[in-house]
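Along the sequence shown, the residues carry numbers beginning at 1.
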Amino acid sequence: SVSHSQITRLYSRFTSLDKGENGTLSREDFQRIPELAINPLGDRIINAFFPEGEDQVNFRGFMRTLAHFRPIEDNEKSKDQNGPEPLNSRSNKLHFAFRLYDLDKDEKISRDELLQVLRMMVGVNISDEQLGSIADRTIQEADQDGDSAISFAEFVKVLEKVDVEQKMSIRFLH
């Protein structure tokens with residue numbers, strides 16, 4: 001759960017981004033956040049804030065998406081085991097990351113999707129050939145059922161050793 005002071009801080013962050021002062025944010029409002037503007041996946045992350053087909057997000061939606069990025073506090077780990085999983089749980093964070101890659105939402109990351117994300121991340125100073133071999137190697141390492149794509153389960157396995165906590169808290173909120 002988010003503390004009162006955090007909500008106040010996020011709300012002032014929200015209103016400072018809300019240039020139209022209409023209680024909602026547009027994609028353009030998000031693009032003014034320098035950290036997102038320079039993040040190669042910025043557009044993807046921004047899209048995650050908007051429900052399908054919508055072009056505005058209100059404060060509640062803003063909070064809900066941001067919740068994925070909050071680091072998990074130690075006192076949250078021992079919470080009710082049967083309650084709903086917090087949005088910032090490891091598996092929800094992984095799901096969120098997976099969706100940044102899975103463009104066509106078929107629950108698999110294809111070589112093509114991986115290439116698109118790699119290209120965004122490394123920019124133009126690397127040849128298609130090199131990118132292709134990085135994509136192939138990534139899929140080879142991850143793909144366990146031989147379908148030449150990465151399923152969510154395979155994605156989770158690859159990231160087992162990665163500290164998702166550290167990688168997925170967005171700095172501009174702190």
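Of the listed residues (N47, V117, L36), just one forms a side chain to side chain contact (heavy atoms under 4.5 Å, CB included) with L41, and that residue is V117. Residue N39 forms a side chain to side chain contact (heavy atoms under 4.5 Å, CB included) with just one option from I33, I45, I46, and that option is I45.
Here the shortest heavy-atom pairing between E113 and K108 reads OE1-O, 2.9 Å. Nearest heavy atoms, S110 versus A149: CA-CB, 4.2 Å.
Residues satisfying the side-chain hydrogen bond (donor to acceptor under 3.5 Å, both in side chains) test with D55, not counting sequence neighbours, are none. Applying the side-chain hydrogen bond (donor to acceptor under 3.5 Å, both in side chains) test to T8 and every residue at least two apart in sequence or in another chain returns nothing. Q31 pairs by the side-chain hydrogen bond (donor to acceptor under 3.5 Å, both in side chains) definition with nothing, not counting sequence neighbours.
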Residues 96-104, side-chain donor-acceptor partners within the protein, below 3.5 Å, at least two apart:
residue	atom	partner	partner atom	Å
D102	OD1	K105	N	3.2
D102	OD1	D106	N	3.3
D102	OD2	D106	N	3.3
D102	OD2	E107	N	2.8
D104	OD1	D106	N	3.2

Just list the side-chain donor-acceptor pairs under 3.5 Å for residues 56-64, sequence neighbours left out, or say none.
residue	atom	partner	partner atom	Å
Q56	OE1	T24	OG1	2.5
N58	OD1	R60	N	3.3
N58	OD1	G61	N	2.9

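Proximity of a side-chain donor or acceptor of D112 to a complementary backbone N or O of Q116 within less than 3.5 Å is not detected. Of the possible donor and acceptor atoms, one in the side chain of N92 sits under 3.5 Å from a partner among the backbone N and O of P86. Counting only distance, with no hydrogens or angles, the side chain of E154 and the backbone of D145 share a donor-acceptor pair below 3.5 Å.
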Exercise for the section: With side chain to side chain contact (heavy atoms under 4.5 Å, CB included) as the test, would you mind laying out the steps for M120 and R44 before giving the verdict? Expected result: CA-CA 10 Å; M120 288 179 192; R44 292 282 168 79; 2.9 Å; yes

Practice task
Determine, stepwise, if the pair I150 / V158 fulfils side chain to side chain contact (heavy atoms under 4.5 Å, CB included).
Solution key: CA-CA 10 Å; I150 304 173; V158 171; 5.6 Å; no

Exercise for the section: Check the pair D43 / R27 against salt bridge (Lys or Arg N to Asp or Glu O under 4.0 Å), numbers first and verdict last. Expected result: CA-CA 9 Å; D43 280 344; R27 285 186 168 73; over 6 Å; no

Problem - Evaluation steps, side chain to side chain contact (heavy atoms under 4.5 Å, CB included), between Y11 and T15 - result: CA-CA 6 Å; Y11 190 68; T15 48; 3.6 Å; yes

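Taken to the nearest 0.5 Å, the OG atom of S151 stands 7.5 Å off from the CD atom of Q144. Note: L114 CG to R137 CZ = 11.5 Å, rounded to the nearest 0.5 Å. The CG atom of L118 sits 12.0 Å away from atom CD of Q130, with the distance rounded to the nearest 0.5 Å. Going from atom CD of Q6 over to atom CG of L10 covers 7.0 Å, rounded to the nearest 0.5 Å. The distance from the CG atom of D143 to the CZ atom of R111 is 13.0 Å, given to the nearest 0.5 Å. Here the straight-line distance linking atom CG of D128 with atom OG of S133 works out to 11.0 Å at 0.5 Å rounding.
The ring pair (Phe, Tyr, Trp, His ring centres under 6.0 Å) pairs that include a residue from residues 17-46 are F30-F49, F30-F50, where partners are two or more places apart or lie in different chains.
Within a 6.0 Å radius of NZ in K157, other residues, nucleotides and ligands contribute 12 heavy atoms or fewer.
I126 is listed as a side-chain neighbour of I134, based on a closest heavy-atom distance under 4.5 Å.
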